[in-house]
There are 2 protein chains.
Amino acid sequence: MNAFSVTNQSPSKALDDWENAVIDLFLNAANSFGLPKSYGQIYGLLFCRDQPLAMDEIMELLKISKGSASQGLRALRQLGAVSSVFAPGDRRERYIAECRLRKLVGGFLREQADPHLEKGTARLNQIEKLVNNLQDEGSRKRGVRRHEILSGWHRQMSRLLPWVKMIVGKSDRLPQKNSE
Amino acid sequence: MNAFSVTNQSPSKALDDWENAVIDLFLNAANSFGLPKSYGQIYGLLFCRDQPLAMDEIMELLKISKGSASQGLRALRQLGAVSSVFAPGDRRERYIAECRLRKLVGGFLREQADPHLEKGTARLNQIEKLVNNLQDEGSRKRGVRRHEILSGWHRQMSRLLPWVKMIVGKSDRLPQKNSE
DNA sequence: AAAATAGTTCAAGTTTTTTTGAACAAACTG
DNA sequence: CAGTTTGTTCAAAAAAACTTGAACTATTTT
């Protein structure tokens, strides 16, 4: 048949088709969440693998630069989406993906949503102050009304986040062998 | 405070400070949700106003181009964040902001999240097919495992969205004399 | 029907974000 | 300690996203 290929015996040299498909899925997901696509690629690759990978392996498999790999891994660790391990007798750090959705969502909310809510509080206070300074009765009333609406939204969003963490955490990894 | 100002008698000529603050808030919010900042500005302006505004007024107040205004208004209508009305005896369309958070969230999920979930289904099917074609027993098992995890995530996300709509809908505008 | 008004489209220009790679720092090795 | 390996940083290049404005369609007015 074919001298090469067949079963892909070299584990760290090239990606399987399904791995490329998964990586591409995470690339798109990262984009939708406002993260650089390289973050998605790195996470996707690690997600596919059982064994932890070192940075230079990631660079080679994904064909991305040292800088991207370094920055991507740092951000993913910060989000709790990736953690590092040390193989005994090897100096390099190696990385694995966090596969529990609850942890991923939790990290994302902690790093992205929570800061926005905090900034929101500050902005609302500023708006309230500006509104209260208005001289014209009608304008002030309109401004007060708008500030009230925004405060209500802010409160609702703050309420929502804990629920999201709960609901996603419910049944994490699939209950092992389970047919649809 | 402000040399001019006093009561700002020209309604369609300039923005109040608080309006600028609100517009800026929505500009930032739009960014975080992956929407162009001009969309946020337009929504923010309409959100501040009691009276509907025409496109050329929006262009002038925000200093944005015809193209941005047109495209922004179209997208916002598509999201259900803005609706148009016709003032009697005026040919121009005029726009108002939807201020019910439930509607805004619903529209956003419908336009952004739902399509992603659908594409996700397709991608998962593709991955499943690729995985099942694998010859090597070990690789296939790993692939199957990953596909199961992703399917579980997908299912959880699908479950989450209805809850989000519910929770946000709970107490919409602040409990106040609501007219509508 | 010509002129004026409203609004859309899209190629080109601008701005912002992401990626790259060379220079650097830190930690190990012989 | 000099050399090697591992990983970080950041200025510049590349890519992606957004905005602009002129040309265009459609509708209304004179």
Side-chain angles (χ1 to χ4, degrees), chain A residues 12 23-24 26-46 52-79 81-96 111-112, chain B residues 12 23-24 26-46 52-79 81-96 111-112:
Chain A
S12 312
I23 289 164
D24 193 55
F26 280 108
L27 184 157
N28 279 104
N31 245 334
S32 327
F33 284 113
L35 302 172
K37 63 181 194 173
S38 65
Y39 294 13
Q41 293 178 287
I42 295 169
Y43 180 84
L45 170 58
L46 295 175
L53 294 177
M55 203 175 86
D56 54 353
E57 295 171 320
I58 293 169
M59 286 165 57
E60 187 183 353
L61 286 165
L62 295 176
K63 275 120 180 163
I64 62 177
S65 70
K66 222 176 183 187
S68 279
S70 175
Q71 291 176 191
L73 286 168
R74 172 159 49 136
L76 290 168
R77 265 177 303 179
Q78 171 76 9
L79 279 170
V82 156
S83 53
S84 61
V85 298
F86 282 95
D90 190 343
R91 184 140 71 86
R92 310 182 285 184
E93 211 165 354
R94 287 164 173 280
Y95 304 92
I96 56 174
E111 295 296 317
Q112 311 283 314
Chain B
S12 314
I23 289 164
D24 193 55
F26 279 108
L27 184 157
N28 279 103
N31 245 336
S32 330
F33 285 114
L35 302 171
K37 63 181 194 172
S38 65
Y39 295 14
Q41 292 179 285
I42 295 169
Y43 181 84
L45 170 58
L46 296 176
L53 294 177
M55 202 174 88
D56 53 353
E57 295 171 321
I58 293 169
M59 286 166 55
E60 188 183 353
L61 287 166
L62 296 176
K63 276 122 175 153
I64 62 178
S65 69
K66 222 176 182 185
S68 279
S70 175
Q71 291 176 188
L73 286 168
R74 173 160 47 139
L76 290 167
R77 264 178 303 179
Q78 172 75 10
L79 280 170
V82 157
S83 53
S84 60
V85 297
F86 283 95
D90 190 343
R91 184 140 72 85
R92 313 181 284 184
E93 213 164 353
R94 289 165 172 279
Y95 304 93
I96 57 176
E111 296 296 317
Q112 312 282 315

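A note on names: the letters A, B, ... follow the listed sequences, proteins ahead of strands, and every chain is numbered from 1. All of these numbers come straight from a predicted model, not from anything done at the bench.
Here the closest heavy-atom approach between residue B/Y95 and residue B/M55 is recorded as CE1-N, 4.2 Å. When every heavy atom of B/A30 is checked against every heavy atom of B/P36, the shortest pair comes out as CB-O, 3.7 Å. Summarising the geometry of B/M59 relative to B/S65, their closest heavy-atom pair is CG-O, 3.9 Å, with the distance given to 0.1 Å.
Here the CG atom belonging to A/L79 is positioned 11.0 Å from the CZ atom belonging to A/F33, to the nearest 0.5 angstrom. To the nearest 0.5 Å, atom CG of residue B/L62 and atom CG of residue B/L45 are 5.0 Å apart.
Between B/M55 and A/G67, it is B/M55 whose nearest contact on DNA chain C lies nearer the 5' terminus. Mapped onto DNA chain D by nearest heavy atom, A/D56 and B/G34 fall at different nucleotides, with A/D56 at the one closer to the 5' end.
For the pair A/Y95 OH and D/dT8 P, the interatomic distance rounds to 6 Å; values are reported in whole Å. Separating the CG atom of B/L53 from the C1' atom of C/dA6 is a distance of 16 Å, rounded to the nearest angstrom. Regarding B/L35, its CG atom lies at a distance of 9 Å from the P atom of D/dC18, rounded to whole Å. Regarding B/Q71, its CD atom lies at a distance of 13 Å from the P atom of D/dG21, rounded to whole Å. One atom, CD of A/E57, and another, P of D/dG7, lie 10 Å apart when rounded to the nearest Å. When rounded to the nearest whole Å, the span between CZ of B/R94 and P of C/dA6 equals 10 Å. Between the C1' atom of C/dT18 and the OH atom of A/Y39 lies a distance of 9 Å, rounded to the nearest Å. Whole-Å rounding puts the A/D90 CG to C/dT29 P distance at 10 Å.
As judged by a 4.0 angstrom heavy-atom cut-off over every strand, B/I64 is placed among residues touching the sugar-phosphate backbone only. A/E93 comes within 4.0 angstrom of the backbone, heavy atoms only, and of no base.
Taking 4.0 angstrom as the limit, A/R74 places none of its side-chain polar atoms (N or O) nearer than this to OP1 or OP2 of D/dG7. Note on A/S65: every side-chain N or O is 4.0 Å or more away from OP1 and OP2 of C/dT19. The phosphate of D/dT8 has OP1 or OP2 within less than 4.0 Å of a side-chain N or O from A/R77.
Checked against D/dG7, C/dT19, D/dT8, the side chain of A/S38 finds its nearest nucleotide in C/dT19. Out of D/dC18, C/dT20, D/dA16, the shortest distance to the side chain of A/K37 is found at D/dA16.
Counting atom types as modelled, A/R91 pairs no side-chain N or O with a base atom of D/dT6 as donor and acceptor under 3.5 Å.
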